[in-house]
Protein chains: 2
Amino acid sequence: MPSHQTKIAAETDCATVSCENCGIFQLCHSVGGDTDLSVLDTIVKSRRTMKRGEFLYRAGDAFRAIYAIRGGVIKTSIFASDGGAQITGFHIAGEVLGLDAITAGRHGCDAVAIEAASVCEVPFALFKELGKEFPDLPYKMLEIMSRDILHSHELMLLLGKKNAEERLATYLLNMSSRMAKRSFSATQLNMNMSRSDIGNYLGMAEETVCRTFSRFQEEGLLTIRRKQIILNDLARLRAKVYRR
Amino acid sequence: MPSHQTKIAAETDCATVSCENCGIFQLCHSVGGDTDLSVLDTIVKSRRTMKRGEFLYRAGDAFRAIYAIRGGVIKTSIFASDGGAQITGFHIAGEVLGLDAITAGRHGCDAVAIEAASVCEVPFALFKELGKEFPDLPYKMLEIMSRDILHSHELMLLLGKKNAEERLATYLLNMSSRMAKRSFSATQLNMNMSRSDIGNYLGMAEETVCRTFSRFQEEGLLTIRRKQIILNDLARLRAKVYRR
DNA sequence: CGTTCACTTGAAAGTGTTCAATTACTGTGG
DNA sequence: CCACAGTAATTGAACACTTTCAAGTGAACG
């Protein structure tokens with residue numbers, strides 16, 4: 001579990017697990033059946049590696065492609081006219097980005113790498129072409145978007161109804177289960193995002209995030225080691241998610 | 001503009017404007033071209049009228065159909081395990097409901113009529129059938145979902161970053177523009193939802209909604225007449241949307 | 001015509017934010 | 001390898017905003 005912090009965290013896994021971590025690949029596999037997959041391979045191989053701080057796209061950019069994350073973490077955020085921003089998600093391997101741009105024809109949010117990352121770029125025009133050969137493809141995409149909407153709704157519930165402890169607990173458990181799903185540790189989280197980003201995402205001040213982390217640590221729920229958070233008691237953390 | 005409060009507010013308009021208010025119809029028109037539209041007519045004619053308080057579907061119900069609202073207002077809400085609820089939207093004529101259920105195969109939220117309403121029910125299986133004849137159809141649906149995601153993101157920004165005044169101002173202007181888009185008055189809003197519902201949606205207590213309404217009225221921004229809100233100064237209201 | 005529910009308003013209490021100061025870490029250059 | 005600078009994280013204390021609790025008003029409806 002040590003030191004390859006400059007490397008892309010999940011990249012190797014993504015390769016070894018025959019790219020199960022990569023959404024589009026998954027998609028294609030589940031759709032392709034015995035059909036010739038050579039075209040798909042071509043598309044998926046148009047990869048891109050990103051350094052920390054690099055933008056995948058910016059709000060206002062013309063919509064050309066959708067992106068499947070192969071490794072690393074990418075954050076998306078929207079902006080109010082007054083400059084205020086709201087982070088709408090931290091996205092990890094296997095998740096698909098850019099779908100919110102379909103309607104407007106341009107991206108509504110910024111997508112920026114929080115740590116070194118790797119993405120598959122699938123031009124939307126090409127995606128539509130493929131839809132002709134694999135009629136299930138667009139419906140798979142509907143499923144993915146449907147999942148996005150569910151995620152949004154959960155975040156709304158969090159932002160609208162939960163207090164600081166409930167927010168942070170929810171967030172940690174969400175991260176934990178998403179990591180576990182991709183066969184990372186469920187209890188040792190590398191929180192590469194800053195406290196400030198977490199606060200922005202959860203709708204609370206950076207300081208409140210810190211204080212809540214500290215309180216959780218005092219209560220023995222977790223251990224803070226730099227950016228690494230070790231969850232010591234998932235059960236008790238789960239109890240924090242809902243109002244007492 | 002007077003009294004037909006028990007009638008479905010937009011139903012008549014929907015008919016006269018050759019059903020432009022109805023999302024699915026719009027959808028079909030934009031897709032159909034000169035092709036035989038008789039099947040579409042059949043589907044769209046499977047309408048349903050709803051009384052205030054009636055459920056279109058409940059969280060957990062099996063996903064069978066998607067719904068386009070022809071008239072009235074339907075609210076959707078999700079539930080936390082502890083019983084807490086978050087209203088995720090008030091939906092009016094022309095909007096499509098039920099799409100968030102595609103992934104899970106069952107609905108994740110309740111949809112209930114706030115006032116008498118009328119909806120077109122489109123069985124999803126049938127929708128998929130139609131997709132074969134009209135290949136653009138699923139992509140149109142992607143667009144609609146993309147719009148939903150954008151809406152969700154905006155609400156997140158509101159819930160995460162805005163204070164009471166900004167929230168209510170945003171909400172009123174949003175309602176205003178949606179009504180205007182469907183050729184209703186932009187300044188005379190019939191807020192059929194309760195203060196409590198508004199509060200829930202905006203992530204604030206019912207009392208705070210009242211107080212904010214009162215303050216806006218004192219400032220001359222609007223006039224409160226029962227459920228009817230008259231916006232007297234859109235410009236000044238817009239200035240309230242962002243932080244001073 | 002009274003009962004009920006929704007809305008409104010007041011005052012007290014919490015919770016989280018803001019401002020400010022301190023400490024810890026990261027990365028850079030000597 | 002260490003010192004330094006700059007950034008991120010943490011903690012404290014005062015303050016602001018919203019919530020909560022409580023009471024009162026008004027409309028709606030049987």
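Letters go in sequence order (proteins before strands), and every chain restarts at 1.
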Residues in side-chain contact (heavy atoms from CB on, under 4.5 Å) contact with B:R64, at least two apart in sequence or another chain:
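Applying side-chain contact (heavy atoms from CB on, under 4.5 Å) to B:R64 gives B:A62.
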Can you sort out the partners of A:A239 under side-chain contact (heavy atoms from CB on, under 4.5 Å), two or more places apart, ordered by chain and number?
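Not a single residue meets the side-chain contact (heavy atoms from CB on, under 4.5 Å) criterion with A:A239.
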Looking at A:R48 and A:E54, does any basic side-chain N land under 4.0 Å from a carboxylate oxygen?
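Salt bridge flag = yes for A:E54 with A:R48.
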Charged N-O contact under 4.0 Å between B:E95 and B:R178:
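The answer is yes: the pair qualifies as a salt bridge.
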Between [N] atom [atom2] and [X] atom [atom1], what is the distance in whole Å?
X: B:M193; N: C:dC5; atom1: CE; atom2: C1'; value: 18 Å
X: B:E166; N: D:dT18; atom1: CD; atom2: C1'; value: 14 Å
X: A:F216; N: D:dT10; atom1: CZ; atom2: P; value: 14 Å
X: B:R195; N: D:dT20; atom1: CZ; atom2: P; value: 19 Å
X: B:N200; N: C:dA6; atom1: CG; atom2: P; value: 14 Å
X: B:L202; N: D:dT19; atom1: CG; atom2: C1'; value: 15 Å
X: B:R225; N: C:dA6; atom1: CZ; atom2: P; value: 23 Å
X: A:I229; N: D:dA9; atom1: CD1; atom2: P; value: 10 Å

Below 3.5 Å is the cut-off: list the nitrogen or oxygen pairs between protein and nucleotides 16-19 of chain C, distance only.
from   : atom 1 : to     : atom 2 : distance (Å)
C:dG16 : OP1    : A:A164 : N      : 2.8
C:dT17 : OP1    : A:A205 : N      : 3.3
C:dT17 : OP2    : A:A205 : N      : 3.1
C:dT17 : OP2    : A:T208 : OG1    : 2.4
C:dT18 : O4     : A:R211 : NH2    : 2.7
C:dC19 : N4     : A:E207 : OE2    : 3.1

Would you say A:S214 reaches D:dT11's phosphate, i.e. side-chain N/O to OP1/OP2 under 4.0 Å?
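Answer is yes, contact under 4.0 Å.
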Short side-chain N/O contact to D:dA8 OP1/OP2 from A:K227, under 4.0 Å
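For D:dA8, OP1/OP2 do not have a side-chain N/O of A:K227 under 4.0 Å.
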Suppose the criterion is side-chain hydrogen bond (donor to acceptor under 3.5 Å, both in side chains): which pairs have a residue in residues 207-217 of chain A, not counting sequence neighbours?
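Non-adjacent pairs meeting side-chain hydrogen bond (donor to acceptor under 3.5 Å, both in side chains): A:E165-A:R215.
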Listed by chain and number, what are the side chain to side chain donor-acceptor pair (under 3.5 Å) partners of [X], not counting sequence neighbours?
X: A:N232; answer: A:T223
X: B:S196; answer: none
X: B:S152; answer: none
X: B:R52; answer: none

Angle of first-five versus last-five pair axes in the helix from C:dC1-D:dG30 to C:dG30-D:dC1, to 10 degrees:
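It comes to 40° between the two terminal axes.
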Restricting to nitrogen or oxygen on both sides, can you table the protein-nucleotides 21-25 of chain C pairs closer than 3.5 Å?
none

ring-ring contact (aromatic ring centres under 6.0 Å, His included) involving A:H151 - partner list, sequence neighbours excluded
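Result, ring-ring contact (aromatic ring centres under 6.0 Å, His included) vs A:H151: none returned.
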Mind checking ring-ring contact (aromatic ring centres under 6.0 Å, His included) for B:Y201 and listing every partner two or more places apart, or none if nothing turns up?
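Here the qualifying residues are B:F90, B:Y171.
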